[in-house]
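Notes for the one structure printed next.
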Amino acid sequence: MSEENSYLKNIWKKISEDLSKNTEAIDPVVYTTYFTSAEIYEITKNNIIRLKVGSNMDKMILEKFIGVITETSNKHLGGNYNVEIYNSDELDVLIGQSEERKTNLKLDLEIDLVDNLQAQYTFDNFVVGESNKESHAAALASAIQPGEFYNPLFIYGNSGLGKTHLLHAIGNYSKKNNKDLKVLYITSNDYVTRVVNSFRDKNTEEFKQDMYNLDILLIDDIQFLSGKDKSHEIFFSIFNELVNNRKQIVITSDKPPTEINGLDDRLISRFYSGLSSSVDSPEFEVAYAILIKKLEQQMINPDNIDDDVISYLATHFAKDVRKLEGALNRVIFYSINFGKEDQITMKIATKAFKNESKKANDIISLDSIKSTVANYYGLTIKQIDSKNRTRIIVNARHISMFLVRKHLDLSYTQIGNSFGGRDHSTVINAYDKISDKLKTDKSYKVAVAEIENKILSN
Ligand code: ADP
Ligand code: MG
């Protein structure tokens, strides 16, 4: 069986399995009567999937289901394809049109081999810092000169730290340089499914051959291969064949190779023959830069979101970039739906997290502000609320009022009342005073930021 044919067969198997399970859209009796003759004849470069069916009746019936067929196909192919249905007579006519066209079709197919790459993950939008610079550099080297430098390249680290992003970036970059490269991104789960299906369909050799023909194999989350003995063995031979032929393999995992239980020792020692490199949680600056990048990607001007909101997110969610993005999206979502102004402020951000398990209002309350400021200056809340005019106490009182105004949704009058019954004008004065000081006095700014961080991380 040719490479294209086995590829199309595999794809159609997935699509048709899905269709047969979708009994709400397609009655099982309709499926078994009319759908089983269908196969993919070709996928053209201009995104047409041509289905071939056995009879004109099959064709007429399938056309009634064109919506769900298209939707399901696009799900599996990860693209935007149109589906056309032909019976074999029509296809004969189509193909007979010209020899030249026929060769074009074949060419189209070769280009169209699915690589599973997601275009949005590129090196351009990957932020590099201390925590990931080694993995990034190695990934880029593998993309520039596949098979030349580190083979295999093994990237490991906790969830949400950019491993999958790097895999796609390698594929996208290398294909941009050389569109003829055969690249495959696959998760180890999908790999196992494919192996298992190949046993069932007795085409394991063809499957292996497909893999041997790759220039770059990007295999994600290898830890899920553990315990799958048969799939191991095949992976071992694919691995050796590719590495021996200087074809690039890049593998990711949530653990370093030796810590993955249930993986063949031979395989683990092979993993070390190239480079293994880790990704860690981003440091503050990188998390900050990632947030700015993600804003730009969403066409949001970073000026429209207050600096302290970005700092807050970068401080509190940087352990996992996926969660960092989630937190940013939450703030944006909240501000679009409930914010009164265009600017995204800390006040909005605080509200956005109000219903989170760690309730923001519990994190930031009047008392938590007062007690953090008091602690910072070695004072008590009582002193802050008192009428005492000692400089250090006045300063702490003013900072507390300022932070309450900034983070909580309280009026000047309410704030005055909660600071030992002071007038609202006192609060306004305090707020203005601190605002001015923050603009001119750098060390003051650092101190207040430190206090603020303590409040937010309580
Ligand atoms: P992993 O595979 O390690 O679990 P992903 O690659 O899926 O993590 O990353 C999760 C999300 O975080 C993705 O949207 C990815 O784009 C983003 N991300 C992670 N690291 C970075 C980075 N250094 N720069 C930009 N985006 C990043
Ligand atoms: Mg991943």
Side-chain angles (χ1 to χ4, degrees), residues 78 115-143 152-174 176 183-193 216-226 249-257 259-260 263 271 275-300 302 305 310-311 313-333:
D115 51 30
N116 298 331
L117 290 176
Q118 295 185 28
Q120 78 270 29
Y121 295 130
T122 63
F123 285 118
D124 283 345
N125 57 31
F126 188 82
V127 179
V128 185
E130 229 16 76
S131 54
N132 58 26
K133 70 170 195 238
E134 189 191 45
S135 297
H136 169 263
L140 188 57
S142 312
L153 170 60
F154 191 102
I155 300 173
Y156 64 92
N158 287 338
S159 169
L161 299 181
K163 301 180 297 294
T164 299
H165 188 134
L166 283 174
L167 284 187
H168 286 288
I170 293 170
N172 289 322
Y173 187 99
S174 57
K176 209 166 86 188
V183 180
L184 177 70
Y185 164 91
I186 190 166
T187 63
S188 70
N189 274 334
D190 276 349
Y191 162 80
V192 171
T193 309
I216 302 181
L217 172 60
L218 307 163
I219 182 150
D220 208 357
D221 289 321
I222 195 87
Q223 70 272 13
F224 296 125
L225 198 63
S226 61
I249 300 186
V250 188
I251 299 166
T252 70
S253 163
D254 64 348
K255 309 177 191 67
E259 283 177 31
I260 309 174
L263 266 201
F271 288 167
L275 175 75
S276 64
S277 164
S278 65
V279 283
D280 284 314
S281 298
E283 45 290 28
F284 176 83
E285 290 77 12
V286 174
Y288 192 99
I290 290 173
L291 290 166
I292 301 289
K293 254 239 142 106
K294 301 287 168 189
L295 284 172
E296 284 164 358
Q297 275 171 20
Q298 297 193 45
M299 317 284 257
I300 295 172
I305 171 161
I310 302 179
S311 299
L313 297 174
T315 314
H316 290 267
F317 297 94
K319 244 183 119 187
D320 175 336
V321 180
R322 198 173 287 120
K323 294 202 174 125
L324 182 70
E325 281 180 35
L328 176 67
N329 289 336
R330 190 185 175 94
V331 171
I332 294 170
F333 173 84

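The basis for the numbers below is simple: all heavy atoms, side chains too, and nothing from hydrogens, waters or symmetry mates. Whatever order the structure lists ligands and atoms in, that order sets their numbers, starting from 1. Just so we're clear, the structure is a prediction, and the values are computed from it rather than from any experiment.
- Of all atoms in ligand 1, listed by their number and element, those nearer than 4.0 Å to a heavy atom of S159 are 4 (O).
- Looking at E325, K294, K323, it is K294 that brings a heavy atom closest to atom 26 (N) of ligand 1.
- The number of heavy atoms from other shown groups lying within 6.0 Å of CZ (F333) does not exceed 12.
- Of all protein heavy atoms, the one lying nearest to atom 18 (N) of ligand 1 is V321 CG1, 3.3 Å.
- The local environment of NZ in K176 is sparse, with at most 12 non-hydrogen atoms from other residues, nucleotides or ligands closer than 6.0 Å.
- Between G162 and ligand 1, at least one pair of N/O atoms sits closer than 3.5 Å.
- With a cut-off of 2.8 Å, the Mg ion (ligand 2) has an N, O or S atom of T164 in range.
- With T164, D221, D220, V127 as candidates, the residue nearest to atom 2 (O) of ligand 1 on a non-hydrogen basis is T164.
- At a 4.0 Å cut-off, not a single heavy atom of H136 sits close enough to ligand 1 to count as contact.
- Between N329 and Q298, the side chains place a donor N or O and an acceptor N or O closer than 3.5 Å (distance only, hydrogens not considered).
- Note: N132 CG to H165 NE2 = 10.0 Å, rounded to the nearest 0.5 Å.
- For T252 and D220, the side-chain atoms include at least one donor-acceptor pair closer than 3.5 Å.
- In terms of protein heavy-atom proximity, atom 6 (O) of ligand 1 is closest to H165 N, 2.8 Å.
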*asked:* Would L295 and I310 count as a side chain to side chain contact (heavy atoms under 4.5 Å, CB included) here? Give the steps.
replied: CA-CA 10 Å; L295 284 172; I310 302 179; 4.2 Å; yes
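- Remark: among candidates G129, G157, G160, the nearest residue to atom 4 (O) of ligand 1 is G160, based on non-hydrogen atoms.
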